[in-house]
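Notes to accompany the following structure.
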Amino acid sequence: MVMWMGKGNKHSLISRMFFTLEPETAHEMAIKGMNLARVSRVSSLMGLSYRIRSPSLQQTIHGIRFENPVGLACFDKNARFIDGAYALGFGFTEIGGVTPLAQPGNPKPRLFRFPKHSSLQNALGFANDGMEVITGRLEDNHPARLPIGINIAKNKVTPNEDAKSDYLKVIKHIHGYADYLTINVSSPNTLGIRELQNETFLKDVFKSARQITTLPLFLKISPDMTPEYAIEICDAAIKGGASGIVATNTSIDYSLLPNAKNFGGISGQALKFKSAKLFKAIAKELYGRTTLISVGGVDSGQEAYYRIRHGASLVELITAFIYNGPSTAKRINKDLLKLMKNDGYRNISEAVGSAL
Ligand SMILES: Cc1cc2nc3c(=O)[nH]c(=O)nc-3n(C[C@H](O)[C@H](O)[C@H](O)COP(=O)(O)O)c2cc1C
């Protein structure tokens with residue numbers, strides 16, 4: 001899936017080479033290549049080149065120290081890219097979705113590039129190694145060099161009536177190796193999972209999760225709902241004990257992207273406006289009451305700054321990284337510093353919510 005290209009192209013060369021590969025093969029190669037970064041001296045050297053170290057970008061949120069506000073959103077399904085995310089300058093990485101049992105995901109092909117629109121469509125369906133193997137890898141990497149979020153999901157074979165038990169199993173198993181957890185009920189690629197975006201389920205699952213862990217718990221929502229409904233379900237999650245909201249996942253609004261397939265979720269530039277619009281609407285109501293993370297089409301310092309000024313304490317991205325390559329987080333962080341300076345902010349936390 002990776003397509004890092006050289007300067008002078010719309011996107012960026014580690015490889016036009018990657019672009020010639022089938023998207024998932026390219027993704028796998030990138031992760032294997034970056035496993036070099038697991039040799040900690042290599043990751044430290046790369047970190048010197050890609051990590052922007054500035055006190056102005058640092059924040060402590062729910063007791064977690066974030067060196068910068070730019071996170072990697074579920075690129076790393078199986079906890080094999082932790083040092084890679086650090087080496088490439090991200091402030092944190094969200095790993096997953098992790099399910100109780102390993103599962104192969106949906107049949108291939110299930111990942112499609114739309115380079116003209118800097119967008120992707122994916123129908124992976126939580127292809128992952130399962131909580132036991134992933135927890136083992138997290139243990140080997142513990143303590144990690146950057147904050148780790150774990151995106152929690154349910155197995156495809158688990159009916160919605162038993163979904164709560166899947167979420168709680170993963171939380172129990174993995175929480176010792178995470179800095180925060182995200183309950184994901186918003187993937188478009190697991191049949192029926194979005195039906196769990198309802199007040200009763202969310203209040204209940206967060207209440208039960210709260211009995212297991214004191215870690216910050218986030219809810220990740222879909223962009224395909226009205227702001228009113230989104231606020232209702234976010235409220236229910238907060239009442240149940242959620243610490244924050246991650247908005248948004250990919251979209252099934254296929255009118256967003258010319259020649260879109262009629263399955264899977266759209267991400268990247270085609271999602272940007274829709275995701276930002278819902279984010280702003282929920283932030284109006286929820287900013288100050290809970291912690292907000294904005295994701296969906298974030299591809300520049302300007303866009304990250306916009307989300308931050310509208311209430312996001314942190315942002316995440318995946319599609320922009322896939323198109324623009326290793327220096328994505330560095331570029332965004334550098335530009336954030338410039339934008340903050342122009343506005344007279346000494347720390348990124350001063351910019352959070354400043355447009356509301
Ligand atoms: C290949 C791929 C796999 C994804 N897997 C997950 C996942 O397992 N869990 C999840 O909550 N979101 C997942 N997402 C959604 C992203 O985390 C993010 O919410 C969405 O892509 C919008 O951000 P972007 O425009 O920066 O890509 C995935 C996205 C892509 C492109």
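Indexing begins at 1, ligand by ligand and atom by atom, following the structure's order.
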Cation-pi check, Lys261 onto Phe112 ring (under 6.0 Å, within 45° of axis): yes
Just to be sure I read this right, does ligand 1 sit under 4.0 Å from the backbone of Leu271, its side chain, both, or neither, counting only heavy atoms? side chain
One thing to verify: whether Arg137 and Asp140 come together as a salt bridge, which I'm taking to mean a side-chain N less than 4.0 angstrom from a carboxylate O. no
Numbered atoms of ligand 1 (with element) below 4.0 Å of Thr250, judged on heavy atoms: 15 (C), 20 (C), 21 (O)
Does any N/O atom on Ala73 come nearer than 3.5 Å to any N/O atom on ligand 1? yes
For ligand 1, which atoms have a heavy atom of Gly296 less than 4.0 angstrom away? 22 (C), 23 (O), 25 (O)
Among His27, Lys220, Glu24, Lys77, whose heavy atom sits nearest atom 5 (N) of ligand 1? Lys77
Using a 3.5 Å cut-off on N or O atoms only, is Gly268 in polar contact with ligand 1? yes
Tell me the contacting part of Asn151 for ligand 1: side chain, backbone, both, or neither, using a 4.0 Å heavy-atom threshold, strictly below. side chain
In plain terms, say whether Arg110 and Glu24 are close enough for a salt bridge, that is, a side-chain N and a carboxylate O under 4.0 Å apart. yes
Salt-bridge criterion met for Asp129 and Lys77 (N-O under 4.0 Å): no
Sole residue of Ile152, Asn155, Ile134 in side-chain contact (heavy atoms from CB on, under 4.5 Å) with Thr99: Asn155
Numbered atoms and elements of ligand 1 in range of Gly297, under 4.0 angstrom, heavy atoms: 24 (P), 25 (O), 26 (O)
Ring of Phe279, cation from Arg307 - is the NZ or CZ under 6.0 Å from the centre and inside 45° of the axis? no
Results of salt bridge (Lys or Arg N to Asp or Glu O under 4.0 Å) for Lys272 - residues two or more places apart only: Asp299
Which Ile, Leu, Val, Met, Phe, Trp or Tyr residues join Ile64 in one cluster when any pair of side-chain heavy atoms under 4.5 Å counts as a link? Ile61, Phe66, Phe92, Tyr180, Phe218, Val246, Ile293, Val295, Leu314
Say whether Thr248 and ligand 1 are in contact under the criterion: heavy-atom distance to a ligand atom below 4.0 Å. yes
Regarding atom 23 (O) of ligand 1: of the candidates Val295, Ile293, Asn184, which has the closest heavy atom? Val295
Sidechain N-carboxylate O distance under 4.0 Å for Asp224, Arg194: yes
Any nitrogen or oxygen of Ile318 lying under 3.5 Å from a nitrogen or oxygen in ligand 1? Just yes or no. yes
Could you establish whether Gly96 and ligand 1 come within less than 4.0 Å of each other, counting only heavy atoms on the residue side? yes
Atom indices of ligand 1, in the order listed, that fall short of 4.0 Å to a heavy atom of Leu317: 26 (O)
Report yes or no: does Ser187 have a heavy atom closer than 4.0 Å to ligand 1? no
Would you call the rings of His142 and Tyr177 parallel, tilted or perpendicular, where under 30° means parallel and over 60° means perpendicular? perpendicular
Quick one: look at Phe126 and ligand 1, take heavy-atom pairs under 4.0 Å, and tell me if it's side chain, backbone, both or neither. side chain
Applying a heavy-atom cut-off of 4.0 Å, say which part of Thr319 lies close to ligand 1: side chain, backbone, both or neither. both
